Structure formats: C-alpha cells, structure tokens
Amino acid sequence: MQQDIQNFLTQLLTKSGNHTLTEHEQSLLQDTGIEGFIYAKLTSKKFRKSKMDDACVVRTKKAISIAIQKNKPINVFYPQGGYKLWRFPSSPTVDWAEFFNISYVLKYVAPVAAAYKPGVNLTYYMHTFLMELHDNLTTEEIKKYVDSFEALLTEFRKYLPANITISILRDADIYSKDKYFKALEEGKSQAEKEYVTWSQAQKNDFARMARLNIKWNGKEDWTKLSEKEKGEKIYLAALYESAASSNLPKVAELVKSPDKILVFTKGSAMFIGIGSTKTSIAKYWVGFGVLEQKSSSYLPFVLTPSQYEKAIKVQYKRIPIEVISLSNFSEILLFENLWSYVL
C-alpha cells in the first residue's frame, strides 16, 4: 500500500502538467479551431463545478481571443489567501492541500498547452498584507507560507513542459505596504457606510469567515478581549475584507484585465468555478489535504476545518512518504469512506 501511494503522489508531481492529445481532442481541435478548443477545455465539466455566468463566458472567450491574436500564452489567474489557516497542524506552511491543488490546476491547463504552442502562464495571486489586519497574523507567518508555496512550485516546475510557467504574484508586488494600508483604510470608511445596507446573510457570512480566520493569540494578544471587543474585531475584519475587494484599484485593474482567464474555487460573473481539486471546493489555504482509498485507487481531498475535526476522530492511517523533502510532506493521512463521516 505504501508504495502504491508513493507512486500515486509521484505521478501527480511529475505528470500533471504533461499531456498528449487524445484522438477525440485532435478531432475537437480540427472541428473547432484552436480558439474553440481552448474554450472547451477551460470550461470543461470535468473541472468546472457549476454553470458559468453569462458574463464569465463573454470575458473568458475574449481573453482567449486576445492571447491567440497576439500569439501569446493563455494567462490563467487563481487568487488566494497568502497564509495557512492557523487551526491546522501544518500551519504556517503548505501541506498536501496545496500540492493537490497545484497538480489539479496543471491537469486543467495541460491540454491547452499541448495544443497551443505559446502555452499557458499560470499565476497564483496572493493576498498577504490583508491578513495582518484581518486575521492578526504576523509578517513572519505569512512570509513562511509564501516561501513554502514557492518551494512547492519549484518541485513541480522540474517536470513541466517548456510552455507552461507557474508563478506567484503578491499584493506586495503591486503596492508598497504604506500605500496598501492607506488604500485599505480609505476603503474601510466606505465599507462602514455600505455595511448598513448588507443583508443579514451577508453580514453573517463575513462574521463566520472572520471567526474562522482570526488568530486571537497572534500578532497581538486578543485572547483577553471582552466578547464586545471580540465582536468589534470581527466587524472590522468584515470591513477590511470588503475594502480589499473594492478599494485597491491597482489590484482591480490587474484582476479585471481582459487578457486573463480567472478561476477560483467557486464561480461568479468573473471567475470560472473549478474548485480546489477534482473532489473538493474547499479553499486549500484554509484546508488540509488527505487521501481517501477507493478500492485500489486514491482520491485527494481538501478538508475544511470542521471536516478535519470530524475526520481525525475516526480511524485513519499515517502513511510515510518520500516524494518531496519539504516540511509537512513526510507523511499523509489515509482514510476509507471519508465522506460518510465528514459531511
């Protein structure tokens, strides 16, 4: 069993970005042309988790057309939080959740690169500054996460075809820290005015995410705050989250650039919702990667914090692994019938 799992994970690392077009794909390419082929692959139900919004269809087709007209790589852009949720034992660095996501997204773009010579540029955009205010994380914790993600990407890069590039872009690459926080504070003032118009469901959703992410004993010690003071921190987290999505014009300009294919765990008017793995829509940076055994095969899963808490209370195996030499990758948790007790 251990060797089978070792082989399975090694295949994910070394083969995910490599693809040979099937006869069906070659026929599709001939019938639809390169533009139609790329659109079909990037919107395939094999990866897509929900119906695409009409606006997303339009912008995706436009981005593909722009790249082909200029004979440039297809730009695929995947935003995420630049941190590992402190609730997991793997924090503050990446674990199998990130490994599974990278291999999954590479499989997603590999057919495009196989058919289109200019290839694909895959970019992970990371929010890093926000987490210092929003989640009470230290700069050091965030840096450790980003550095570990880059080290993981380096492992995958060793096996990629020449026309697939994969990189990280941080908010810190766009804004200086002073200018970022100035823009965020200006956005917070606007968010305060808008907050009163939010539905209760929207307020509850922001509060839920804040409670999940805030590290009370983090950059500052908030453990001794009163319930009222903690409520104020949760409220501020909601405002900062809103401000970050609406009042950082340089980021907005980058994200909304018409030459980008936007993907995320869930779909929207701008983003194709491809989930985090074949089996999961949980955000991998606030998730934990495990394997489920299905007969003689294995399925990668990204568990949410609540699913993880349920999973570790039942029987599982710790399987020693030697695939990459980074922290958190010396073993993997193996489950049977995982969904029967985490749903």
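Numbers here simply count residues along the sequence, with the first being 1. All of these numbers come straight from a predicted model, not from anything done at the bench. Atom set for the values below is all heavy atoms of this structure, side chains included, hydrogens, waters and symmetry mates excluded.
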Quick check for you: to the nearest 0.5 Å, what is the distance between [X] atom [atom1] and [Y] atom [atom2]?
| X | Y | atom1 | atom2 | result |
| --- | --- | --- | --- | --- |
| Lys84 | Asn328 | NZ | CG | 8.0 Å |
| Ser280 | Lys278 | OG | NZ | 12.0 Å |
| Phe47 | Tyr108 | CZ | OH | 8.5 Å |

**OP:** Give a yes or no on whether Lys144 atom NZ has more than 12 heavy-atom contacts from other residues, nucleotides or ligands under 6.0 Å away.
**Re:** no
Original post:
What closest approach, in Å, do Arg170 and Ile168 show between heavy atoms, and which atom pair accounts for it?
Top reply: CG-CG2, 3.9 Å
Is any side-chain heavy atom of [X] closer than 4.5 Å to a side-chain heavy atom of [Y]?
| X | Y | value |
| --- | --- | --- |
| Lys233 | Trp216 | yes |
| Tyr83 | Asn213 | yes |
| Leu12 | Phe156 | no |
| Met126 | Phe149 | yes |
| Asp95 | Phe288 | yes |

Original post:
Given Gln200 and Asn204, is the side-chain hydrogen bond (donor to acceptor under 3.5 Å, both in side chains) satisfied, shown in steps?
Top reply: CA-CA 6 Å; Gln200 191 58 49; Asn204 290 344; 2.9 Å; yes
**OP:** Check for a donor-acceptor pair, side chain of Asp53 on one end and backbone N or O of Ser268 on the other, with a separation under 3.5 Å.
**Re:** no
Original post:
Quick one: do the Glu185 and Tyr240 side chains pair a donor with an acceptor below 3.5 Å?
Top reply: yes
Subject >> Gln80: which of Tyr125, Trp285, Tyr124, Tyr284 passes side-chain hydrogen bond (donor to acceptor under 3.5 Å, both in side chains) >> reply: Tyr284
Subject >> Glu150/Arg157 under salt bridge (Lys or Arg N to Asp or Glu O under 4.0 Å): CA gap, chis, key distance, verdict >> reply: CA-CA 10 Å; Glu150 177 62 29; Arg157 289 188 188 108; 2.9 Å; yes
